[in-house]
There are 2 protein chains.
Amino acid sequence: MVQYYQTSFDASFAALSDATRRGVLEQLAYADASITELAAKFQMTLTGMKKHISVLEQAGLVRTEKIGRVRTCKLGQRKLEQELLWLENYRQLWDARFNELDRVVQELKQQELSDGRP
Amino acid sequence: MVQYYQTSFDASFAALSDATRRGVLEQLAYADASITELAAKFQMTLTGMKKHISVLEQAGLVRTEKIGRVRTCKLGQRKLEQELLWLENYRQLWDARFNELDRVVQELKQQELSDGRP
DNA sequence: ATAATACTGAACCATATGGTTCAGTATAGA
DNA sequence: TCTATACTGAACCATATGGTTCAGTATTAT
């Protein structure tokens, strides 16, 4: 894994580790929203929501634009493709690892069998 | 999203938000390892590595077994399938959202055109 | 001009995180 | 039996997190 990805992964997975933030992302996938709207929907103070938005923005998952006194939040440029690839790769390794174990277990069983009947 | 998944997602994404822990998972996908081995590989005290392993264990990503004085760490039962599904779904929503924006932009262009020539 | 709205920043709080050291305990090896 | 190894737990530390309140500032509406 390249060093470059490390910090980026840290930030995006950390951003995803909070239910409110995952909810915000889902919400923004449905429609853009202001801080006030999001704060209301997730029952939180404006300041609290602002912090979450900052985290998402830092991770490149959300982009915001302030027009007048309203800051509108939209989905950012990152669609978590690298993270998706990491997970897919992991699942593949996991499967390979467990298939290998299965194989070993099968071999042991074979041995038992051949030990059983000479 | 069902409430049940929330805490589980919190734990697994939080576990993945650290480069050392992702490294440990990759390592364990390759071969089981003791705490000492992992601590050496990631240049950290035993106690430090033990904490990471605890986090991974809590998240169900790693399973350990102590035989004699050696605790061996192996991949856990969770292969992050739900998390993978969440990311896939998100990417899909993201694409849909941006395609929609493209469509709106196209419509605006069309309008400009028809405004241009009566 | 006044009042309401929308956000922002600082300060605070409790708890978590990622690491350490130090002092054990339990097991394995000579 | 003595010693080295492998882990474990408590305590500590600095910093981050997820939230709050309170006191602003900037915009919009009346």
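In what follows, every heavy atom counts, from backbone to side chain, and hydrogens, waters and symmetry copies are set aside. Proteins come first, then strands; the chains are lettered A, B, ... in the order of their sequence lines, and each starts at number 1.
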Considering only heavy side-chain atoms of B:Met44, the closest of D:dT8, C:dT8, C:dG19 is C:dG19

Notebook entry, point to check: Counting only distance, no hydrogens or angles, is the base of D:dG18 paired donor-acceptor with the side chain of A:Thr20 under 3.5 Å?
Noted result: no

For B:Leu16, does its backbone N or O pair with a side-chain atom of B:Arg21 as donor and acceptor, under 3.5 Å?
-> no

Indicate whether the side chain of A:Ser8 and that of A:Gln82 have a donor and an acceptor atom separated by less than 3.5 Å. no

**Request:** Confirm from the modelled atom types if A:Lys51 and D:dG19 form a donor-acceptor pair under 3.5 Å, side chain to base only.
**Result:** yes

Within the structure shown, what part of the strands sits under 4.0 Å from B:Ser34 by heavy-atom distance: base, sugar-phosphate, or nothing?
-> sugar-phosphate

Indicate whether the side chain of A:Gln77 and that of B:Trp94 have a donor and an acceptor atom separated by less than 3.5 Å. no

In whole angstroms, the gap separating C1' of C:dG18 from CG of B:Leu46 amounts to 16 Å

Testing C:dG19, D:dA6, C:dT8 for proximity to the side chain of A:Thr47, the answer is C:dT8

Ranking C:dT27, C:dT8, C:dT21 by distance to the side chain of B:Arg69, first place goes to C:dT27

Closest of C:dT8, D:dT8, C:dT20 to the B:Lys66 side chain is D:dT8

Could you tell me if B:Glu65 and B:Thr72 have a donor-acceptor pair between their side chains, going purely by distance under 3.5 Å? no

DNA chain D nearest-nucleotide lookup for A:Met49 and A:Ala14: closer to the 5′ end is A:Ala14

- Hey, is the side chain of A:Arg71 poking within less than 4.0 Å of OP1 or OP2 on C:dA6, counting only N and O atoms? no

Between CG of B:Asp10 and P of D:dT17 the distance, given in whole Å, is 14 Å

Notebook entry, point to check: Touch check for B:Ile35, heavy atoms < 4.0 angstrom, all strands: base, sugar-phosphate only, or nothing?
Noted result: sugar-phosphate

In whole angstroms, the gap separating P of C:dT20 from CD of B:Gln43 amounts to 11 Å

Taking for B:Ile67 and for B:Arg21 the nucleotide of DNA chain C with the nearest heavy atom, the one nearer the 5' end belongs to B:Arg21

Could one point to a donor on the side chain of A:Thr45 or the base of D:dG19 with an acceptor on the other under 3.5 Å away? no

CD (A:Glu83) and CG (A:Leu87) are apart, to the nearest 0.5 Å, by 8.5 Å

For A:Gly48, answer base if it contacts any base atom (sugar-phosphate contacts may also be present), sugar-phosphate if it contacts only those atoms, and nothing otherwise; contact means non-hydrogen atoms under 4.0 Å.
base

*Would you say C:dT17 has OP1 or OP2 under 4.0 Å from some side-chain N or O of B:His52?*
no

Heavy-atom nearest nucleotide on DNA chain D taken for B:Lys50 and for A:Asp18; more 5' hit belongs to B:Lys50

Rounded to whole Å, CD1 of B:Ile53 lies from P of C:dG19 at a distance of 12 Å

